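Take a look at this one; I'll ask things after.
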Amino acid sequence: MKFLECPSLDRLNDFFGDLNLGERTIRGCLEAYTCKHAGTDKKLSISLENEMLELIEKSSSPDSPPPDDMLLTRSSRRTLIYLILTLYHMYPDYDFSAVKAHQFFTEESWDNFKLIFDTYMIEASKEWDETVGDVSLLDTLYMALDEVVKLGDCEIYGYVPDSEADPLVEKGAIWSFNFLFYNRKLKRIVTFRFSCFSNLVADGFLMDGVLNEGDDEIFADMDI
């Protein structure tokens, strides 16, 4: 796989780089990759495929749970391999071989992703309107993604790390999301990860996990 330079994504990355919103900071990043094998990709693909086939074989035992749906067909296994290879290219110093199919969940449509984005990025969207103001943040994101991976032909996956060592775990984050937009026809993937951090913790207002008087009211207003 190969990283793709995309000016339309760079504009959004500049905005999401370290977006200070007063009590909290939003950080986000979009990256685009081709799905063509490069370097050690082929070797990793073969290794991952063999591990998946072994899991399917083991699941044939009456006492074993059924395999995840993503393991059942060659096409879905190839998709899973591309998703895992993307993680390797995002963080080449980390071993993602233990990642399981159930850690990827499918968002059925752009509307489902939009609901998550609108819920958690409402303050970021307001900041965009005030500082940029030409087109809404969500529409700008849509156009940028559509330019790179043609959203109408995309499958949208969410990724949930299940290990504290996973580099996609945003330690100290109030919330975080990892999405992958995959276009089979173009053989491209765009990753979008975004997180929220409390500036109150960073500034030392919260010590040793003990809330001072009135802090409950502060957090009650936070849309987490």
Side-chain angles (χ1 to χ4, degrees), residues 1-10 12-13 27-61 63-107 113 144-151 153-171 176-195:
M1 301 181 75
K2 183 180 178 182
F3 176 78
L4 296 174
E5 295 285 350
C6 302
S8 58
L9 300 184
D10 291 342
L12 287 161
N13 285 333
R27 297 187 188 124
C29 182
L30 295 110
E31 296 178 353
Y33 297 89
T34 67
C35 294
K36 296 179 181 179
H37 287 340
T40 61
D41 288 342
K42 187 173 183 179
K43 183 178 180 180
L44 276 171
S45 295
I46 294 173
S47 176
L48 291 168
E49 172 80 11
N50 289 337
E51 289 178 10
M52 293 174 190
L53 293 174
E54 288 178 9
L55 284 174
I56 295 173
E57 185 177 351
K58 290 179 180 178
S59 68
S60 62
S61 169
D63 299 328
S64 299
D68 190 282
D69 288 345
M70 288 191 77
L71 302 178
L72 295 180
T73 67
R74 184 178 181 184
S75 176
S76 59
R77 288 196 299 273
R78 185 181 298 115
T79 296
L80 180 56
I81 288 171
Y82 283 145
L83 296 176
I84 295 175
L85 285 178
T86 301
L87 301 183
Y88 270 102
H89 281 267
M90 291 168 66
Y91 295 96
D93 295 330
Y94 186 79
D95 181 5
F96 288 95
S97 60
V99 169
K100 306 300 182 186
H102 72 266
Q103 291 176 245
F104 295 96
F105 61 92
T106 305
E107 292 298 311
F113 168 80
L145 289 170
D146 193 54
E147 177 184 321
V148 180
V149 285
K150 304 300 180 188
L151 281 174
D153 296 324
C154 270
E155 300 162 20
I156 304 176
Y157 293 90
Y159 172 68
V160 181
D162 68 353
S163 167
E164 287 298 317
D166 192 315
L168 276 86
V169 172
E170 293 286 359
K171 295 180 180 178
S176 65
F177 294 93
N178 303 289
F179 287 98
L180 300 97
F181 299 81
Y182 171 47
N183 187 311
R184 291 175 184 265
K185 295 178 182 178
L186 294 178
K187 292 186 178 295
R188 287 184 178 182
I189 291 178
V190 172
T191 66
F192 181 28
R193 53 196 189 276
F194 53 102
S195 308

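Not measured: the values here are computed from a predicted model.
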- Are the side chain of E51 and the backbone N or O of L48 linked by a donor-acceptor pair below 3.5 Å?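 Pair absent, no side-chain N/O of E51 close to backbone of L48.
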
- Message: Once salt bridge (Lys or Arg N to Asp or Glu O under 4.0 Å) is applied, do any residues pair with E155, and if so which ones, sequence neighbours excluded?
- Response: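 Salt bridge (Lys or Arg N to Asp or Glu O under 4.0 Å) list for E155, sorted by chain: R184.
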
- Message: For the backbone of K2 and the side chain of T34, can you confirm whether one donor and one acceptor N or O come within less than 3.5 Å of each other?
- Response: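 Yes.
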
- Message: Classify the ring geometry of F113 against F181: parallel below 30°, tilted from 30° to 60°, perpendicular beyond 60°.
- Response: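 Rings of F113 and F181: perpendicular, over 60°.
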
- Would you say the side-chain atoms of T73 pair up with the backbone N or O of S76, donor to acceptor, closer than 3.5 Å?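 Yes, T73 side chain to S76 backbone: donor-acceptor pair under 3.5 Å.
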
- Drop me the distance from S8's OG to N13's CG, to the nearest 0.5 angstrom.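 Answer for the OG-CG pair, S8 versus N13, is 9.5 Å.
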
- Below 4.5 Å, heavy atoms only, C-beta onward: do F3 and E31 meet side chain to side chain?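 Result yes, sub-4.5 Å side-chain heavy-atom pair found.
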
- Does a side-chain heavy-atom distance below 4.5 Å link L83 with L87?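 Of all side-chain heavy-atom pairs linking L87 with L83, none is under 4.5 Å.
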
- Please tell me if the side chains of Y91 and L168 come closer than 4.5 Å, counting only heavy atoms from C-beta onward.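 Contact flag for Y91/L168 side chains = yes.
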
- Only one of L12, V148, V149 clears side chain to side chain contact (heavy atoms under 4.5 Å, CB included) with C6; which?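 Only one option passes, and that is V148.
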
- Query: Taking the side chain from D153 and the backbone from N183, do they hold a donor-acceptor pair closer than 3.5 Å?
  - Reply: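 Checking the backbone N and O of N183 against the side chain of D153, no donor-acceptor pair under 3.5 Å is found.
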
- ring-ring contact (aromatic ring centres under 6.0 Å, His included) with F104: which residues, sequence neighbours excluded?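 Checked F104 against ring-ring contact (aromatic ring centres under 6.0 Å, His included); matches are Y159.
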
- Message: Show the nearest heavy-atom pair for residues S45 and H37, with the distance to one decimal.
- Response: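 Here S45 and H37 meet closest at OG-CE1, 3.1 Å.
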
- Message: One thing to verify: whether E164 and K171 come together as a salt bridge, which I'm taking to mean a side-chain N less than 4.0 angstrom from a carboxylate O.
- Response: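 Result for this pair is no, no salt bridge flagged.
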
- Could you grab the distance from atom CD1 of I81 to atom CG of L44, nearest 0.5 Å is fine?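 I81 CD1 to L44 CG: 10.0 Å, rounded to 0.5 Å.
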
- Query: Got E147 and L9 here, is their nearest side-chain heavy-atom distance under 4.5 Å?
  - Reply: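 Result no, sub-4.5 Å side-chain heavy-atom pair not found.
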
- Message: Rounded to the nearest 0.5 Å, what separates atom CD in E170 from atom OG in S195?
- Response: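 Between E170 CD and S195 OG, I get 3.5 Å after rounding to 0.5 Å.
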
- Between T191 and I189, is any pair of side-chain heavy atoms under 4.5 Å apart?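 Yes; the side chains approach each other to less than 4.5 Å.
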
- Query: Between NE2 of H102 and CG of D162, what distance do you get to the nearest 0.5 Å?
  - Reply: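 Taking NE2 in H102 and CG in D162, the distance rounds to 5.0 Å.
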
- If we only count heavy atoms from C-beta on, is the F192 to F177 side-chain gap below 4.5 Å?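 No, too far: nothing below the 4.5 Å cut-off.
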
- Task: Take atom CD of E57 as the centre, draw a 6.0 Å sphere, and report whether it contains more than 12 heavy atoms from other residues, nucleotides or ligands.
- Result: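 No, not enclosed.
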
- Message: Just so I know, are the side chains of L85 and C35 near enough to count as touching, which here means a heavy-atom distance under 4.5 Å?
- Response: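 They are not in contact (no side-chain heavy atoms under 4.5 Å apart), so the answer is no.
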
- Taking only residues at least two apart or on different chains, which pairs with a member in residues 72-95 satisfy salt bridge (Lys or Arg N to Asp or Glu O under 4.0 Å)?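 Only E49-R77 qualify under salt bridge (Lys or Arg N to Asp or Glu O under 4.0 Å).
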
- Query: Given side chains that start at C-beta, do those of D166 and F96 come closer than 4.5 Å, heavy atoms only?
  - Reply: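 In short, these two side chains touch, coming nearer than 4.5 Å.
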
- Which is it for L145 and L30 under the side chain to side chain contact (heavy atoms under 4.5 Å, CB included) test, yes or no, and what are the steps along the way? CA-CA 9 Å; L145 289 170; L30 295 110; 4.1 Å; yes

- Query: Between atom CG of L186 and atom NZ of K150, what is the distance when rounded to the nearest 0.5 Å?
  - Reply: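 Answer for the CG-NZ pair, L186 versus K150, is 7.5 Å.
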
- Task: Apply side chain to side chain contact (heavy atoms under 4.5 Å, CB included) to Y88 and T40, showing your working.
- Result: CA-CA 10 Å; Y88 270 102; T40 61; over 6 Å; no

- Looking only at heavy atoms, which two atoms of L180 and T86 are closest? And how far apart?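 Closest pair (atom of L180, atom of T86, distance): CD2-CG2, 4.0 Å.
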
- Could you give me the CA-CA distance, side-chain angles and deciding distance for R188 and Y82, then say whether side chain to side chain contact (heavy atoms under 4.5 Å, CB included) is met? CA-CA 9 Å; R188 287 184 178 182; Y82 283 145; over 6 Å; no

